[in-house]
Structures are given as structure tokens and as C-alpha cells.
**Student:** 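Attaching a single structure in C-alpha cells format; questions to follow.
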2 protein chains.
Amino acid sequence: MAHVKGGLVILKEMVNSLSPSERKVATYIIDHPQEAIHLTALGLGEKSNTSSAAVIRLCKSLGVKGFQELKIRVAGDLQTDDATVYRDIEPNETYKSIIDKVTANTVQTLKETVDIIDENQLKVAVEALANANSIVLAGVGASYIAAKDGEQKFQRIDKNAYSFSDIHLAATLIANKGKGDVVIGISFSGDTQEVAKLLQLAKQRDITTIGITKYGNSLVSQYADILLHTSAAKEATFRSGATSSRIAQLHVVDMLLMCLASNHYEETIQHLDASREAVMFLRD
Amino acid sequence: MAHVKGGLVILKEMVNSLSPSERKVATYIIDHPQEAIHLTALGLGEKSNTSSAAVIRLCKSLGVKGFQELKIRVAGDLQTDDATVYRDIEPNETYKSIIDKVTANTVQTLKETVDIIDENQLKVAVEALANANSIVLAGVGASYIAAKDGEQKFQRIDKNAYSFSDIHLAATLIANKGKGDVVIGISFSGDTQEVAKLLQLAKQRDITTIGITKYGNSLVSQYADILLHTSAAKEATFRSGATSSRIAQLHVVDMLLMCLASNHYEETIQHLDASREAVMFLRD
DNA sequence: TGCTGAGTGAAATTTTATTTCTTATTTTCA
DNA sequence: TGAAAATAAGAAATAAAATTTCACTCAGCA
């Protein structure tokens, strides 16, 4: 199936290369999509202080067949609206309902994590990792899962990666590292003393520190050279959201790995293929 | 925000209470939604061997303002179409593009896992876990992450859960278990010898066995009393999909936990709250 | 200063949605 | 059983919307 871009995506991409009146219309749609798709061309012209002709010209400029087509595309983008709310599990729900809620919450967490990620920080992090002699991942409790996951993934592409939840052991390792190494500290709240201490120690030794933690000031953020934020949105929804922080952390790790993979494509692919073959060999 | 039902949902709900010609139109839209939203009322009337009047009457019967409104609603339901394709990472992509691909692939994996899950098996699994004296989770390699995650989550709700990637240690533990205990074997391919062996051992001792593995016959599925499948779809897309299997496994674990939580709401909540308080206490 | 061309909205035109009207079919009940 | 009533249908008329045309404005430039 051909990939069809959503109407809002096209609008946002093109909004800067449009003539003034077309831009007015485009901006109005972006700001009020829900309203816009229920207006006529004339009505939208009035609302955006232009004319129906401007609306039609906008459609043509965007490469869309007509106003109806544009409305249909924008409508497609709006669909997610009813999923943007975290919903908690209730007593004795049907299995189907629980499955839907858990899935919707997880998808929402992923999207928020993407919204919140700072591309520049990601870029700096990837470059640091690409050149790193070794990578230490530290996380305690739930965050250890993400650290362990990162360890496995980096090892697959031939990086010297080590994960720790025991901070004493991690400190021992860090004691012998220095410039050119990287420590990734993972803490949902950002206030995990042990992880913060570890980053502090690393910084003293000139090791590059990356923090994966929630948005805002925290212990961990003080000691991180590079900060990658996970969605803090709804840990209030503790009971069903308890799983969200982990998903967000894992997703950040995935993004790091994939960006690294793309930037160093050939080597990475070779390592990934070699890893796979090794696992296949064990199976026979 | 009020929840607005998707056009296709309304159509499917009402299709049996419509007059014949309206039903013809409705059926045509349900079968060819992508085409239908680009047709005129007249065109749709012809395609469905009725008339434009029938189309309009259908809209009224559905309680929708007009034909445009119906098209917009249906368009909203079609949203997912452009995300249903796994796309591999390529050399030197932009960061934004990589992030989008990774996220889309992950979301797709989640959705496929939900599509594939068997509610009855899930139900049986949840009941077994609810009554279990102890839960052993076993997974090697990447699947260990899911096992570890499950261990943490079950422990949070006061279940005796143990995760292993070392099968010898797991065997030692299982040797002293029996009826009323549960072993969960996690293996993406289903052909991990060690995990299969462990389930076999468990079965001999009358322990309930749950397999989390890809769809189809496999070593693990032979020895599992209860089978929960993860999406097998696109491990072919190995290079970017390598992360998918883990996400799918984690999601299955999440669903197990949440269903358990809903079925035993009060206790579970108490345990979750107690766990949280304990963690908070450590932070001060 | 006057020419050029992109950009604009009003008005004309075309297309599409909706309503109305007539006919056909089925249902109801004396 | 058969006549009245109710329902359903499409063709044609009408209303509404989308789209095109056109004349005007104004910035940039020789």
C-alpha cells in the first residue's frame, strides 16, 4: 500500500512555503482541525479571513485533489483523539476492555515519549555512544529492565556494554574508566540517589554521562551531560500506568540504538547479522 | 471531550436494522471504505446498485448530519492504514525519520500482539496465576528481559515470582514445586531447547505451564498447558524488528498483570500502593 | 513612470448533496 | 380476500457546496 501522508502532516510541512492567504487558511486548520473539517470552503474562508478561493488554492498547493479530499485526510489524523486519555483499570472489567486499555495506554506513552524527546540531545548522545570505548548502563528497580535491555542491544552491535543495578559493582567498573567512555543513568523519577551518585562519580572522571529520566530538574539531571526525557505525564495513573515508565525507557533505548545503527549502517548490520547467526548456531 | 463513535463502528452496529437499499450502501462502505470516502453520493449509489437518495437516507438513519459527515467519520477509522507496514532503517536517515519508524514499528507490534492474543487462553492463564503459590518465569537471551519484567511486576502484587535465564537454577527451584504452582516459559521462536526442557520438567511434576511464544507449532508449545502468542509477523525485518519481539513479550506480561489486577481489584491495589510507599520511603 | 506577474476575492459556473415527488411494494386489518 | 395504510424506492428538481474565471491590487523592477 502506498504511504499516504496525513493531512495535518502535509499542512505543517508546507505551511512556510505558502502564499500569505493560503497560509492563513493552513494555520487555521492546524489550530482548529476538528472545527475545520466540518466547515464549507466558504465558511473556512471567512473564519480564516480569506476567501473560498484561497481555500481551494491551498488544496492545490498541497497537491491534494480538492477540499473534500483535504478534509478527509485531516479527519484521518484526528482519529487518535479518543485514545489520548489514560484510563485506569477498574474492578471486574471484561478481558477485551482491559486489553484495549492497556494497549491504548502503552501506545500513548510511546507517542508522548517521542513528542518529548529532544532531537539535538539524541544526536549528541548517539555520537558519544558511537565513539565510546565502553558503555555502562545503571538503573535500580524497574529501571534496571531498561538498563539490561540496553546492555543486550549494544552488545549485539559489538559495543562493550555493561548493565548494573548493584551500584557498588558499577562504581568498581567506572573507577577504571575515563574520557571516551559513557555512563547511562536510568531513573524514572530522576531522584534515585544511587544512580545520581554514579553519574557524579563518572563526571569526576571525565566520563560522558547520559541521563534517561523524566522531564524537569532532578538529582540525575544535575549530573548528566546529555539528557533524554521520558514522559512524566501520567504516573499519577499509578495503578495502570505503572508499566508506562518502563515502556518509555525501553523506547528511548530503542531510539538510541536505531539512530546509531543508521549512522553506522554497514558495520552495524554486519554485527547484527553475526549475532543472529550465533544464536541460530546454538539452536541446532 | 465527548467520545464520537467512528463511522465504521456505527455502520456495523446498525447494518441489521436498515432497509434493504440502505443496507446495500452500508455493506458497500464497510467492504470498501477506502474507496467509499472518495466517491460522491451519486457514485456510491451506483456502485451499491441503489441511488444517491438511498445514500442520503442511510446517513439520516445512522443519525449523521449528511454524507460529508459520514465520509469524515469513516475516514477517521481508516487512520491506521499508513502505519501497518514495517519499515526498515536505512543508512544515514534523519533522526526524525528514524524516530518515526521505530515508533511506528513498535506500535504496530503492539497492535498485532493484541490481534493475535486468544482471550480464552488469557483467561485461563490469569486464573492459574491468581491461584498460584509461586510463579517461575524463564527466558534466555532477549526473552529474559520479559521474564525479569514479569518477576518485578508480580512481586509488586505480592506474588512469589522468580525469573531465570540460568536454566539449571530454574530446574532446582522447580524440583520442589508441584500442583498449584505455575511456570511461564518465554521464547520468541518457541524453539529454545532450555525453555522447552524446563516446561517439560514442570509438566512431569504437575505444575501448570504457560508458554509465551510465536504462533505455530514449536518445542515450547508442545509442553505448554496454556499458550499466549506473540506476533510472528515481521521478524524478517530483522534489522529494525529485532526490538519487536521484546515489546510483544512485555505487552503480553502487562496484559496478564492487568487482567489479574482487575479480577482481584482490592487486594491488588493495596499491594501496588504498598510497593509504591516502600520505594518512596527509600528515597528520603 | 509604467510594465510584469504573483496574489487576491467577487462572481460565474460546475459539481455534488439533498429534497421532493411519484411509483412500487409490503403490511395490516375489516 | 381486498382495500387502506405504511414503507421503501429511484428520478427529477432544488439547494448547497466546490471550483473556476476574471478583474483588480500591489510589490518589484527596468
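Keep in mind that the numbers below use all heavy atoms, side chains included, and drop hydrogens, waters and symmetry copies. Each chain gets a letter, A, B and so on, in the order the sequences are listed, and its residues count up from 1.
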**Student:** Rounding to an integer number of Å, can you tell me how far B:Ile56 CD1 sits from D:dA11 C1'?
**Tutor:** 15 Å
**Student:** Looking at B:Asp254 and B:Lys153, does any basic side-chain N land under 4.0 Å from a carboxylate oxygen?
**Tutor:** yes
**Student:** Rounded to whole Å, how long is the line connecting atom CD1 of B:Ile72 with atom C1' of C:dA17?
**Tutor:** 13 Å
**Student:** Keeping B:Thr113 on the side-chain end and B:Ala248 on the backbone end, is there a donor-acceptor pair under 3.5 Å?
**Tutor:** no
**Student:** Rounded to the nearest Å, what distance is computed from the CZ atom of residue B:Phe67 to the P atom of nucleotide C:dT19?
**Tutor:** 14 Å
**Student:** If you only use heavy atoms from C-beta on, which nucleotide in D:dA18, D:dT19, C:dT19 is closest to the side chain of A:Ser52?
**Tutor:** D:dT19
**Student:** Could you state the CZ-C1' distance from A:Arg57 to D:dA18, rounded to the nearest angstrom?
**Tutor:** 14 Å
**Student:** Are A:Asp225 and A:Thr208 close enough that a side-chain donor and a side-chain acceptor fall under 3.5 Å?
**Tutor:** no
**Student:** Expressed as a whole number of angstroms, how long is the span from B:Lys65:NZ to C:dT16:C1'?
**Tutor:** 17 Å
**Student:** Rounded to whole angstroms, how far apart are CG on B:Leu44 and P on C:dT16?
**Tutor:** 13 Å
**Student:** Kindly point out which of D:dG10, C:dG9, C:dG7 is positioned nearest to the side chain of B:Ala53?
**Tutor:** D:dG10
**Student:** Using atom CD of A:Gln68 as one end and atom C1' of D:dA16 as the other, report the distance to the nearest whole Å.
**Tutor:** 12 Å
**Student:** Under a 3.5 Å distance rule, please check whether B:Lys71 uses its side chain to pair with a backbone N or O of B:Leu39 as donor and acceptor.
**Tutor:** yes
**Student:** Does a side-chain N or O from B:Ser51 land closer than 4.0 Å to OP1 or OP2 of D:dG10, or not?
**Tutor:** yes
**Student:** Could you check whether any side-chain heavy atom of B:His229 comes within less than 4.5 Å of a side-chain heavy atom of B:Asp118, counting everything from C-beta outward?
**Tutor:** no
**Student:** List in numerical order all residues of residues 21-32 of chain A for which some heavy atom is under 4.0 Å away from an atom belonging to DNA chain C.
**Tutor:** A:Ser21
**Student:** Looking at B:Arg73 and B:Glu69, is there a salt bridge between them, counting it only when a charged N and a carboxylate O are closer than 4.0 Å?
**Tutor:** yes
**Student:** State whether B:Ser19 places a side-chain N or O below 4.0 Å from either non-bridging phosphate oxygen (OP1 or OP2) of D:dA9.
**Tutor:** yes
**Student:** Using 4.0 Å as the upper bound for N to carboxylate O, is an ion pair formed by A:Asp115 and A:Lys111?
**Tutor:** no
**Student:** Rounded to whole angstroms, how far apart are CD on A:Glu69 and P on D:dT19?
**Tutor:** 10 Å
